[in-house]
Amino acid sequence: MANLILILGDQLSPQLSALAKADKHQDQVVMAEVYDEASYTNHHKKKLAFIFSAMRHFARELEQDGWRVHYQTYHPDNPDKSLEAVVARLTKELNPDALMTTECGEWRLHSQICQWHESLGIPVVIHPDTRFVCHKEEFAKWAKGRKQLRMEFFYREMRKKTGLLMTPDGKPEGEQWNFDANNRKKWSGKPPAPAPFRVEPDAITRDVLQLVNDHFADHFGSSDDFHFAVTHEQAQQALEHFIDFALPCFGDYQDAMSDHEDWLFHSILSPYLNTGLLDPVTTCEAVVQAWYSGRAPLNAVEGFVRQIIGWREFVRGIYWLLMPGYAQENRLGNTRALPWFYWTGDTKMRCLHKAIDASARNAYAHHIQRLMVTGNFALLTGIKPEDICDWYLAVYIDAFDWVELPNTLGMVMHADGGYLGSKPYAASGKYIQRMSDHCQNCHYRVQDATGDRACPFNALYWHFIDRHRDDFANNPRMTMMYRNWDKQPEQRRQAIISRGEWLLEHIEEL
Ligand code: FAD
Ligand code: DLZ
């Protein structure tokens with residue numbers, strides 16, 4: 001036997017570099033559902049079901065394509081509880097020349113795999129992950145010597161590199177790089193939001209759902225009504241569904257939130273992009289084609305492309321540039337534990353209840369719910385970065401450390417001192433009122449900052465601004481906030497701070 005080819009649960013791409021280098025007539029693929037990967041966080045039940053089912057479907061596709069695949073299905077009594085144990089046993093049994101794999105998407109496992117040659121006693125060859133536009137080294141080169149890293153400038157480089165939305169003479173289509181200013185409409189129910197793409201579970205997915213319910217019953221969320229794609233073909237259909245039904249309004253309502261609709265006009269493609277069921281560049285190409293053929297406006301198409309070749313690549317670059325130290329960052333010195341209602345949704349704050357409830361049912365909440373509701377509350381109340389990062393890693397179907405950590409620790413918590421955002425995304429209840437209809441159905445009154453029924457976001461916002469004066473008062477993008485705060489009569493400021501103190505002391509009761 002020649003080599004073992006290890007494929008991880010988020011590496012389900014036929015073009016995976018480790019496969020491209022392998023010989024299907026000699027080498028043997030290894031895939032394994034293992035306890036260690038299934039339990040490093042309290043993964044949502046739907047996330048576990050999605051990954052296991054997609055892994056099983058991919059293993060079957062590889063076999064149909066002529067590969068020999070050793071596949072371990074999950075069972076709590078399996079003696080091999082880690083990927084290393086599975087590979088070690090096969091190394092003893094099959095005596096391969098080497099283990100080949102593609103670089104892993106997170107530091108935890110990557111640093112383990114880098115040591116495996118010692119325990120296995122054979123070479124471990126790690127191929128680069130070619131499923132991203134920007135390689136790690138290229139990002140490091142781009143970042144070198146820059147005082148500040150800004151997504152917008154990185155994004156322009158990626159537009160030039162891919163040619164996406166570029167004219168033949170090298171200019172951005174529409175004569176603008178970024179149409180974000182057009183993407184901030186409130187949604188009032190019209191046009192109606194499309195139903196999300198659905199796949200009814202087949203026999204493999206039904207088996208996996210049973211397994212998850214039997215062995216991971218204590219994990220977060222519900223496995224009911226599982227409807228995610230689990231194959232490349234289905235993921236491609238999900239992309240087409242998005243282009244046909246949601247993309248035309250994606251830009252306009254990208255920042256909107258609704259009391260009645262979980263998915264709005266979002267693509268719900270992140271689980272497929274992050275596990276290899278969809279390729280990011282071909283996905284963007286299909287979306288750009290919709291603009292060229294007049295099926296979607298430029299603000300929607302540019303906004304979508306920016307999220308993928310801009311934000312998605314940018315956060316990955318930052319992750320690999322700054323790990324492992326990045327995960328320890330806590331520049332705002334937060335110490336508060338995550339309130340229990342993040343796990344139950346049991347809070348009178350309507351926007352938080354809705355975002356957490358959707359997360360528990362769907363293993364999904366859209367970006368603005370993550371950033372401006374659950375994220376904003378964690379920022380304002382000073383939750384420990386490790387607690388809130390672990391929550392996001394657990395509850396979302398698309399959550400993998402390389403993308404979750406920079407978004408949470410950097411973009412939301414500003415715990416990295418500003419790598420991901422030039423100012424914290426802190427907002428009062430006014431923002432939530434402007435972008436949603438949650439406040440109409442809330443126990444609290446968004447127009448009030450003090451009093452028992454005042455929206456907690458209001459006093460917490462000013463409390464945050466006040467207590468972090470040393471951190472932000474010199475930030476030019478925050479000057480206006482400090483000016484507004486300092487203009488308030490002393491008595492009012494005192495009342496708001498007292499309300500803020502009370503809220504922080506009674507956080508579990510909100
Ligand atoms: P759409 O709104 O349709 O956007 C299209 C695509 O753009 C997404 O599928 C995604 O691939 C990409 N994208 C958009 N924004 C970002 C971003 N900020 N970073 C990276 N990619 C982006 N995304 C993840 O894929 N995994 C995570 O674990 C994750 N954790 C997050 C945690 C927090 C606190 C925040 C604020 C954002 C997080 N995001 C994460 C980014 C974003 O919220 C999700 O990618 C998006 O909500 C997925 O839904 P969608 O596919 O419908 O996205
Ligand atoms: C997330 C995940 C889960 C839940 N289970 C497995 C598994 O059993 N086997 C596996 O190979 N991969 C799994 N994964 C994905 C890995 O944790 C993933 O490769 C890392 O998070 C790196 O991004």
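Start at 1 with the first residue, then count along the sequence.
Cation-pi geometry between Lys47 and Phe400 is satisfied (NZ or CZ under 6.0 Å from the ring centre, within 45° of the ring normal). Figure legend: Arg370 and Tyr392 shown without cation-pi pairing, the cationic atom not lying both under 6.0 angstrom from the six-membered ring centre and within 45 degrees of its axis.
Counting only residues at least two apart or on different chains, the salt bridge (Lys or Arg N to Asp or Glu O under 4.0 Å) pairs with a member in residues 232-247 are Asp244-Arg295.
Side-chain contact check for Asp416 and Tyr326: at least one donor-acceptor pair (N or O, by modelled atom type) lies under 3.5 Å. Between Tyr396 and Ser359, the side chains place a donor N or O and an acceptor N or O closer than 3.5 Å (distance only, hydrogens not considered). In this model, a donor atom of one side chain and an acceptor atom of the other lie less than 3.5 Å apart for Thr41 and Asp390. Side-chain N/O atoms of Ser13 and Arg131 include a donor and acceptor closer than 3.5 Å. The closest side-chain donor-acceptor pair between His232 and Glu61 falls under 3.5 angstrom. Looking at Asp262 and Asn362, their side chains do bring a donor and an acceptor atom within 3.5 Å of each other. Side chain to side chain, Ser223 and Asn213 meet the donor-acceptor criterion of an N or O pair below 3.5 Å.
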Run the side chain to side chain contact (heavy atoms under 4.5 Å, CB included) test on Arg336 and Leu504 for me, step by step, so that the C-alpha distance in whole Å, both residues' side-chain angles and the decisive distance to 0.1 Å come before the verdict. CA-CA 9 Å; Arg336 195 176 306 282; Leu504 290 172; 3.8 Å; yes
Please determine whether side chain to side chain contact (heavy atoms under 4.5 Å, CB included) holds for the pair Asp437 and His260, giving the CA-CA distance in whole Å, both sets of side-chain angles, and the decisive distance to 0.1 Å. CA-CA 9 Å; Asp437 55 353; His260 314 287; 3.4 Å; yes
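Within the 4.5 Å cutoff, the side chain of Leu503 has heavy atoms near those of the Leu510 side chain.
Aromatic ring pairs are classed by plane angle as parallel below 30°, tilted from 30° to 60° and perpendicular above 60°; the pair Tyr74 and Phe216 is tilted. Between Phe154 and Phe314, the ring-plane angle classifies as tilted under the 30° and 60° cut-offs. Using a 30° and 60° split on the angle between ring planes, Tyr40 and His43 fall in the perpendicular class, above 60°. Classification of the His241-Phe245 ring pair by plane angle, with boundaries at 30° and 60°, yields tilted.
Tested against Glu103 for a side-chain hydrogen bond (donor to acceptor under 3.5 Å, both in side chains), the candidates His110, His127, Lys136 yield a single pass: Lys136. Test Trp107, Phe132, Trp320 against Trp402 for ring-ring contact (aromatic ring centres under 6.0 Å, His included) and you get one pass: Phe132.
The pair Arg56-Glu33 counts as a salt bridge, with a side-chain nitrogen and a carboxylate oxygen less than 4.0 angstrom apart.
No more than 12 heavy-atom neighbours from other residues, nucleotides or ligands sit within 6.0 angstrom of NZ on Lys21.
Here Ser39 contributes atom OG and Leu48 contributes atom CG; the two are 9.0 Å apart, rounded to the nearest 0.5 Å. To the nearest 0.5 Å, the span separating SG on Cys442 from CG on Asp259 amounts to 9.5 Å. Rounded to the nearest 0.5 Å, atoms CE (Met158) and CE (Met151) are 11.5 Å apart.
Not less than 6.0 angstrom separates the ring centroid of Phe250 from the ring centroid of Phe265. Proximity of the aromatic rings of Tyr272 and Phe197 is defined here by a centroid distance below 6.0 angstrom, and this criterion is not met. Between Trp263 and His227, the distance separating the two ring centers is shorter than 6.0 angstrom.
Every residue meeting the side-chain contact (heavy atoms from CB on, under 4.5 Å) condition with Asn407, not counting sequence neighbours, appears here in chain and number order: Val315, His367, Val403, Met411.
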